[in-house]
2 protein chains.
Amino acid sequence: MNETDRERMNTAVREAEIAAAEGEIPVGAALYRGGTLLWADHNRREQRHDPTAHAELLCMRHGAEQKGDWRLNDCTLYVTLEPCPMCAGAMVMSRVGRCVFGAADPEKGCCGSIYDLPADPALHSTTKWEQDPDSEAYAARLSAWFREKQRK
Amino acid sequence: MNETDRERMNTAVREAEIAAAEGEIPVGAALYRGGTLLWADHNRREQRHDPTAHAELLCMRHGAEQKGDWRLNDCTLYVTLEPCPMCAGAMVMSRVGRCVFGAADPEKGCCGSIYDLPADPALHSTTKWEQDPDSEAYAARLSAWFREKQRK
């Protein structure tokens with residue numbers, strides 16, 4: 001994590017804030033290739049009635065379309081929450097080079113919590129991930145959102 | 001596997017044939033809710049430059065939009081090849097009730113081959129899967145396609 005990573009994580013955080021305003025579980029993501037932002041997006045599952053409309057999956061889908069190649073080996077995916085099995089699986093299948101995530105997800109996380117799909121040699125994965133050292137800040141924002149939602 | 005399952009697998013097989021004609025790895029899928037076909041689709045990864053455009057994922061995305069609910073617990077997904085980590089993960093996350101697949105995938109399969117994501121209680125999965133007893137026919141069609149491609 002350097003200063004550039006920090007700025008890019010802030011892009012993902014701003015997307016999460018948009019998701020919260022839209023009544024979605026607030027998760028945001030951003031996909032960069034070198035210095036270029038290919039796509040930033042947020043969870044849109046409820047509004048689109050689409051179980052695949054997680055922030056990361058939307059970034060991989062539309063970012064790859066932008067790149068003109070489904071192979072994302074030269075890209076870094078920033079996301080505020082540890083990827084679920086679908087999104088960690090998509091990282092492996094699209095060969096995302098690197099992933100930086102915020103809060104751990106003990107319920108569904110597949111970058112170290114329940115599985116570590118990107119690290120599994122059986123899947124011939126080339127994806128590396130790391131967790132933002134400020135992970136508690138991401139977890140606190142998520143918890144605050146769930147508390148607020150319960151009060152409504 | 002009853003006669004209805006067999007007919008529905010044929011819908012998936014026809015989609016795989018369209019994928020082959022389009023130069024894609026020939027995988028097809030169909031999502032049914034009760035007697036209704038919600039969506040049938042095939043692999044479109046190369047033509048769309050989209051790593052998420054697997055047959056199953058497209059069926060879950062568009063099928064859920066048709067249903068108006070991202071929860072697919074009352075749906076059955078038919079697919080000619082064992083789902084990859086992304087697609088098996090999407091089945092878990094969208095709570096697909098049942099999946100029937102054709103050929104096993106020893107390279108990437110996550111319904112029994114490398115992982116069994118839908119069976120994992122740690123993911124709180126409610127998805128059941130079964131393999132078509134005629135799995136060799138699906139595997140033979142895939143092998144024939146790869147042999148043909150190598151000759152070109």
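Numbers restart at 1 for each chain; the letters A, B, ... are given by sequence-line order, proteins then strands.
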Under 4.5 Å, counting heavy-atom pairs only, tell me which of B:R48, B:E46, B:E107, B:Q66 racks up the most with chain A.
B:E46
Is there a path of hydrophobic side-chain contacts, each under 4.5 Å between heavy atoms, that joins B:M9 and B:V79?
no
Residue by residue, which of residues 85-98 of chain A have a heavy atom closer than 4.5 Å to a heavy atom belonging to chain B?
A:P85, A:M86, A:G89, A:A90, A:M93, A:S94
Considering only heavy atoms, give the residues of residues 10-38 of chain B separated from chain A by less than 4.5 Å, sorted numerically, with 'none' for an empty result.
none
Heavy-atom pair count under 4.5 Å with chain B, highest-scoring of A:C84, A:C110, A:G68, A:A122:
A:G68
What residues of residues 50-65 of chain A make heavy-atom contacts with chain B at a cutoff under 4.5 angstrom?
A:D50, A:P51, A:T52, A:H54, A:L57, A:M60, A:R61, A:A64, A:E65
Using heavy-atom distances under 4.5 Å, tell me whether B:L123 contacts chain A through its side chain, its backbone, both, or neither.
both
Transitively linked via ILVMFWY side-chain contacts under 4.5 Å: B:M1 with B:F101?
no
Check whether A:W39 and A:L72 end up in the same hydrophobic cluster, where Ile, Leu, Val, Met, Phe, Trp and Tyr are linked by side-chain heavy atoms less than 4.5 Å apart.
no
Residue-level contacts of residues 128-136 of chain B with chain A, using a heavy-atom cutoff under 4.5 Å:
none
Taking a hydrophobic cluster as the set of Ile, Leu, Val, Met, Phe, Trp and Tyr residues connected by side-chain heavy atoms closer than 4.5 Å, whether directly or through intermediates, do A:Y115 and B:I114 fall within one such cluster?
yes
What is the distance from atom CH2 of A:W70 to atom CZ of B:R45, rounded to the nearest 0.5 Å?
3.5 Å
Linking I/L/V/M/F/W/Y whenever their side-chain heavy atoms sit closer than 4.5 Å, directly or via other members, would A:W145 and A:L81 fall into one cluster?
yes
